[in-house]
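For reference, the structure is listed below as structure tokens.
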Amino acid sequence: MRTITYREALREGLSEEIERDENVVLIGEEVAQYNGAYKVTEGMWEKYGDKRLMDAPISEAGFIGMGVGASMLGVRPVMELMFFSFSYVAWDQMVNNAATVRYMSGGKINCPIVVRGPANGGTGVGATHSHTPENMFANVPGLKVCVPATPYDAKGLMKTAIRDNDPVFFLENTLLYGEEGEVPEDEYTIPFGVADVKRSGEDLTIVSHGRCVIMALKAAEILEAEHDVKAEVVDLRSIRPLDEETVLDSVRKTNRVLLVEENKPFCGVGAQLSHMIQEKAFDYLDAPIKRISAIDAPAIYSPPLEKHQIPNVDRIIQGALSVG
Amino acid sequence: MRTITYREALREGLSEEIERDENVVLIGEEVAQYNGAYKVTEGMWEKYGDKRLMDAPISEAGFIGMGVGASMLGVRPVMELMFFSFSYVAWDQMVNNAATVRYMSGGKINCPIVVRGPANGGTGVGATHSHTPENMFANVPGLKVCVPATPYDAKGLMKTAIRDNDPVFFLENTLLYGEEGEVPEDEYTIPFGVADVKRSGEDLTIVSHGRCVIMALKAAEILEAEHDVKAEVVDLRSIRPLDEETVLDSVRKTNRVLLVEENKPFCGVGAQLSHMIQEKAFDYLDAPIKRISAIDAPAIYSPPLEKHQIPNVDRIIQGALSVG
Amino acid sequence: METTELKDKDGVVLSKFADAPVNKKLSKDEKIEIFRTMVRIRRFEERSLRAYQQGNVAGFLHLYIGQEAVAVGSMSVCDKKNDHFITAYRDHAHALQVGMSMNECMAELFGKATGCSKGKGGSMHYFAPDKNYWGGHGIVGGQTPLGAGLAFALKYKGVQGCALCYMGDGAVNQGAVHESFNLAALWEIPVIYIIENNGYSMGTSQKRSSAYTDCLAKRAEGYDMAWDRFFGHDVYEVRAKTMEAVQRAYDTSKPTLLEIDTYRYRGHSVADANAEKYRSKEEIEEYKKTKDPINLFEHQLISEGVLTDDEAKAIDKAAREEANDSAKFAEESPYPEISSIKEDVYWEEDNPDQKISQGRIFFNDEE
Amino acid sequence: METTELKDKDGVVLSKFADAPVNKKLSKDEKIEIFRTMVRIRRFEERSLRAYQQGNVAGFLHLYIGQEAVAVGSMSVCDKKNDHFITAYRDHAHALQVGMSMNECMAELFGKATGCSKGKGGSMHYFAPDKNYWGGHGIVGGQTPLGAGLAFALKYKGVQGCALCYMGDGAVNQGAVHESFNLAALWEIPVIYIIENNGYSMGTSQKRSSAYTDCLAKRAEGYDMAWDRFFGHDVYEVRAKTMEAVQRAYDTSKPTLLEIDTYRYRGHSVADANAEKYRSKEEIEEYKKTKDPINLFEHQLISEGVLTDDEAKAIDKAAREEANDSAKFAEESPYPEISSIKEDVYWEEDNPDQKISQGRIFFNDEE
Ligand SMILES: Cc1ncc(C[n+]2csc(CCOP(=O)(O)OP(=O)(O)O)c2C)c(N)n1
Ligand SMILES: Cc1ncc(C[n+]2csc(CCOP(=O)(O)OP(=O)(O)O)c2C)c(N)n1
Ligand SMILES: [Mg+2]
Ligand SMILES: [Mg+2]
């Protein structure tokens, strides 16, 4: 099968949906004439023009809120946040308006908006630009959240997100944009709430999402080669909805769990997984669930330290070996 | 000992600190001439004047950010959010600027700001006004978060918050403002990170914070009287820092845990507690940790349904009995 | 300006805008309908206030009493099919104006399943998308980007229409309002922002919350946006001035910022204990006496021979009865089922036949 | 306007503001110091660019090259003791102007422990509170409420001083900026907001991001705030016009909004691949040729007889050496210890002797 980058996979997904549905419009800072700060939308403005790709002023609350309003009337806006960290200036529009307008109207209003952009550290952009708010968004009923780790997942989930009639927050990763992976020519979609077992093993279950899945897979290889530990790696793909069964099936098989996330630990996604696993697979656990998260401080700039602050292969291996 | 209301206790704490330190200034919507939307600051403007109590325009990002800037130069602003739900329009100022300016400056800058206000449902104000973001704030390194349940705790923690040199988010509760409790005449403070065992018992540990503690105490009485279950009720008081030892001591004694919170469940504070408890007291747990949270939907308006949506005595009792 | 005033036999000032085309073209029935709507709004809200005092309504109740001509005047010049409306939490008048029934509105206040939002939204969160009414929003200023979005959608779909987006005088200092103004002007979005200036944001007077030159609407110049400012007690004047903005939106798709001076008789919300502290009793009484929009329009129509005293009384009586009946309807309606708490959260959950997602979407242990 | 231009022998336009009091009062050495600072800023940034290209700098590097007279001119009229400064992520020039050393600034870019923020902030997050410099902020517009806060603190403490808060032309459409303007004007806070208008926000021209009448600073009228707009290539002009705003702050504690037209030679950041796509090469070259602030001021001082050609060359040579030395210093400095990741998060953790809190504050399992 052909291989393309995560960036190209996203572009394909976006382009196919723009061509499929005239109501799909891409709006964001530098997405059109500049081709996107991270080139995800490269070439799309030339191809689809001013109506379908719009460069926005630096007014995230304004244009995302505008997208929420437009979506109520049937437009299907796909909003790019240059960094998902900038969601913090649009928080109310995203977490109040997008998440509650359906509910507060007694189900009379749909809000089919997608907000997408990179949410990750590891690139030396410092604390203000390295937030990973998937745990906060997933806390909010009314929102859907997904965090693809591979080009295949990125394209399939993006097409699903755009067709979904609820608000979907789609968290990408600047360190993955250039990563290649197999993506079929033929059209496909991936439903939310279906985790993917990206490596199977019997000794330990590693649950992760986003780029940490890639780290976990590398760690799993070393764990098997050097420590004779066969780790199963479960990629959640979507955080809300959450595929608990696939996680639990794996836990019932391996009886030992390591959670890996770039979230800061307090109330990170891993905390929710811990609660769920101990509640539903209590008798299957042979040891406490361990968790590898970003080291609990704002994102540090200094490149070598930042590499240590976010989960990396070494820390994951140590974590795996620490699971009693 | 004399009894005063939670509202009066807060007012005493605020007034004593205003009198103690000339740098303490209270700013917020309607806090001065109007006496506060919930009358927490009643009479203070007459007493302390325009300099110490300032009515702000409806610009939460603006005035809270202004407070962050002023705090860097040694002012000690206490910012009232009429509802903590309005933090969503000031999110970036609170979660980026207040939380990271110390770190990004290599420790050169302090940010001694307090942001306070009610964060609760149960009053029929609907989804947009009923948020309980303590889990989100506690996720952010650099911030401190406390949620007092009684007049005594409210006053003691408020004085600590104002004297603290880090940003403290102080979440109150409109349903508690009128509640009375014993508060000594003499000055006292309560350090962060010290949980309070508000009822002791041997059969079950109930961990909670804020108004849910009051519900849990009522439930504990009924559990003992009608179900012969002796529940210990641990009030966290501060979420970050967190007193894990007091929680773990109780768990090691009772071996069974119920978590009660008004947070929505996904990545709520209880999720973090579950992860911590199973990690550190794995062998002491006789049954899965159970959790009672707000029912996982935006806050509903309809009064009888809202009373059911947030944790109440009945749901807590059911939850307690469900702990295997 | 006050010199050329026309007065009727009772000394009540008559409108200078009766001959404005948008008013001249009104039929007798249409004029009576406008009057009836204002009366129905007032009686509905008076009844809702009693319901609140009787303990049937929770949370906040923000009354529009005194401001009726603003919503009714501005919305009544619009096209029922292609113009859209959105406002903040003081949203009852706009709801009745678009044709929502008193029953569904009152039942919503009571938190009943028969409410316009099935009891899920309450007073601040009325919606009727089928009547182009998009709420009903509790976060000050939060509705302004949505208003731009409604108008953006019209332009995107090539529909000639506009969106009227209301806000208060205190709301103008929210960041989202500024971002919306710039977007609307920059992208030529046919949205009309209307500041319902009742002089106060809760207990804070305009002067204590906003820095401005002359008036708030003048801020529009900073965005090269058209603006106007006028009084809101004469429904004819509101219609005439609003129509210019609506026509601008139709013809050029450009936005306008309108500031309409009005007054609320009651407190900020019913819970506002200080309603007469930050305003003098005289200030309130003076407005009621000389500028009550319903009283003014009643005299206007009578002097025009469009309405008789008896007809006016009959309309008022009918409105009171309708309001009382709506309270009875609300009272007798059932509360929503507990199970409904988790309905209307996700479209996909509410439409299981078309559901694609798998996995868990609600996370309570009790499930 | 261009008619009355004075030119020197090389045909370089001389300043019309040499006789403005704030410039007239400058000693020879002070003038040379201003020149030296601009040269040092340029050489520092050119060297940092090479460091970036050599892979020693991560993340973003936003260069101020071409804009030097804006920061140096406006800040140099201020009082070192009681005036304060804050800007966005394009923050190197302001740092050197307040007296931060090239070493600590370069080391910060390299992420070294000897950096001004111990390697924790990076290019966008320089701070020197001891020199009244409060950063260095990455979120567009996010620093504007902080700027108001600095000035608020001065007024609260009864200190006569002001805060200069810088932002870009694209930043003006952030909600926080609007809220800050209203607060500053309403509460008469002595903050001076300075729009460093280089015509573009990344690849978006001012016209594509803002709706405005005449210029961006005119938006100040909506808040009844004083404003001015002028060119940023003549450091004397920047000083003269800024001094009026500073004096206003001192005398009346009122805010001012200044818009200073300038130009960046490089891309938005070094990563900006399109720097010459959205702007023509000619546009860039033309500015360099006729408006380069350093070249202009060099000719100005030479024609004033304050500086000789050789002295200018010597200053430049010294600046290059200082920049190279700073790179060497940065190169040779150690990275922070892993343990430092959790330092500087909480004041209380960094001051254990004064710690009151108990319990756990960091939550990694590995602890
Ligand atoms: C972001 C936000 N801040 C504060 C509030 C609380 N609040 C509700 S209404 C109001 C006053 C608004 O006054 P104005 O905009 O003049 O509208 P009016 O009530 O006069 O119609 C305030 C402060 C809120 N709902 N949202
Ligand atoms: C809230 C927010 N949105 C977007 C960005 C990404 N971003 C960084 S700089 C920039 C352009 C700013 O342009 P301008 O304000 O003109 O300043 P300049 O870079 O020209 O100095 C953008 C969009 C950001 N840092 N913060
Ligand atoms: Mg008002
Ligand atoms: Mg710019």
Side-chain angles (χ1 to χ4, degrees), chain A residues 29-30 32-35 37-39 55-63 82-83 85-86 88-90 92 122-130 258-259 264-268 270-271 288-309 315 318-319 322, chain D residues 56-60 89 108-113 115 117-125 137-142 168 170-176 201-204 208-211 268 271-274 277-278 335-338 340-346 360-367:
Chain A
E29 291 150 22
E30 310 296 341
Q33 298 186 27
Y34 193 88
N35 279 319
Y38 288 98
K39 302 283 172 274
D55 285 321
I58 310 169
S59 306
E60 287 82 359
F63 69 76
M82 196 177 286
F83 283 80
S85 291
F86 309 151
Y88 290 4
V89 296
D92 178 63
T123 61
V125 291
T128 56
H129 282 52
S130 304
L258 177 70
L259 308 170
K264 299 293 191 297
F266 199 103
C267 289
I289 299 162
K290 292 281 179 185
R291 179 164 62 139
I292 298 295
S293 313
I295 290 178
D296 202 5
I300 194 166
Y301 163 70
S302 188
L305 275 75
E306 191 189 21
K307 283 183 187 49
H308 179 79
Q309 182 175 26
R315 285 182 57 210
Q318 295 315 314
S322 75
Chain D
N56 294 316
V57 182
F60 297 128
Y89 44 84
E108 186 62 30
L109 297 182
F110 280 58
K112 298 301 181 76
S117 294
K118 303 181 187 168
K120 290 179 169 172
S123 166
M124 301 194 287
H125 306 119
H137 293 271
I139 299 300
V140 164
V172 299
N173 300 311
Q174 272 288 314
S201 50
M202 288 192 77
T204 305
R208 292 205 301 127
S209 68
S210 295
H268 165 69
D272 177 0
N274 301 349
K277 284 211 187 101
Y278 52 84
Y335 283 110
E337 300 292 328
I338 291 288
S340 74
I341 293 176
K342 284 201 246 168
E343 292 164 5
D344 306 316
V345 181
Y346 292 98
R360 186 176 182 185
I361 193 81
F362 297 114
F363 293 89
N364 295 100
D365 283 8
E366 289 113 317
E367 279 146 27

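Residue numbers start from 1 in every chain, and the chains themselves are labelled A, B, ... in the order their sequence lines are given, proteins ahead of strands.
Checking side-chain atoms of D:Arg208 against main-chain N and O of D:Gly203 turns up a donor-acceptor pair under 3.5 Å. Remark: the backbone N or O of A:Pro265 is not paired with any side-chain donor or acceptor of D:Asn364 at under 3.5 angstrom.
Contact of D:Met202 with chain A is made through backbone and side chain together, with heavy-atom distances under 4.5 Å. Looking at D:Phe362, the atoms closer than 4.5 Å to chain A (heavy atoms on both sides) sit in the backbone and in the side chain alike. The parts of D:Val57 that come within reach of chain A are both its backbone and its side chain, each placing non-hydrogen atoms under 4.5 angstrom from that chain. For a residue to count as touching a neighbouring chain, one of its non-hydrogen atoms must lie under 4.5 Å from one of that chain's; by this rule D:Asp272 touches chain A with backbone and side chain alike. Heavy atoms of D:Glu343 lying under 4.5 Å from chain A are absent altogether. The part of A:Ala294 that comes within reach of chain D is its backbone (N, CA, C, O), which places non-hydrogen atoms under 4.5 angstrom from that chain. At a 4.5 Å heavy-atom cutoff, the contact between A:Val89 and chain D is made by side-chain atoms alone. A:Leu258 does not touch chain D: none of its heavy atoms, backbone or side chain, sits under 4.5 Å away.
Note: A:Tyr38 and A:Phe83 meet the aromatic proximity criterion, with ring centroids under 6.0 Å apart.
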Q: Check the pair A:Lys39 / A:Glu30 against salt bridge (charged side-chain N to carboxylate O under 4.0 Å, His left out), numbers first and verdict last.
A: CA-CA 9 Å; A:Lys39 302 283 172 274; A:Glu30 310 296 341; over 6 Å; no

Q. Passes salt bridge (charged side-chain N to carboxylate O under 4.0 Å, His left out), D:Asp344 versus D:Lys120? Steps please.
A. CA-CA 9 Å; D:Asp344 306 316; D:Lys120 290 179 169 172; 2.7 Å; yes

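Taking chain A as the reference chain and counting heavy-atom pairs below 4.5 Å, the highest number among D:Ile361, D:Ile338, D:Val345 is found for D:Ile338. With chain D as the partner, the residue from A:Ala61, A:Ala127, A:Pro304, A:Ser293 showing the most heavy-atom pairs under 4.5 Å is A:Pro304. In terms of non-hydrogen atom pairs under 4.5 Å with chain D, the most contact-rich of A:Gln309, A:His129, A:Glu60 is A:His129.
A salt bridge does not link D:Glu108 to D:Lys118: none of the charged nitrogens lies less than 4.0 Å from a carboxylate oxygen.
Under the 4.5 Å side-chain criterion, counting only non-hydrogen atoms from C-beta, A:Glu29 is in contact with A:Ile58.
Geometric assessment of D:Lys277 against the ring of A:Tyr34 yields a negative cation-pi assignment under the 6.0 Å and 45° thresholds.
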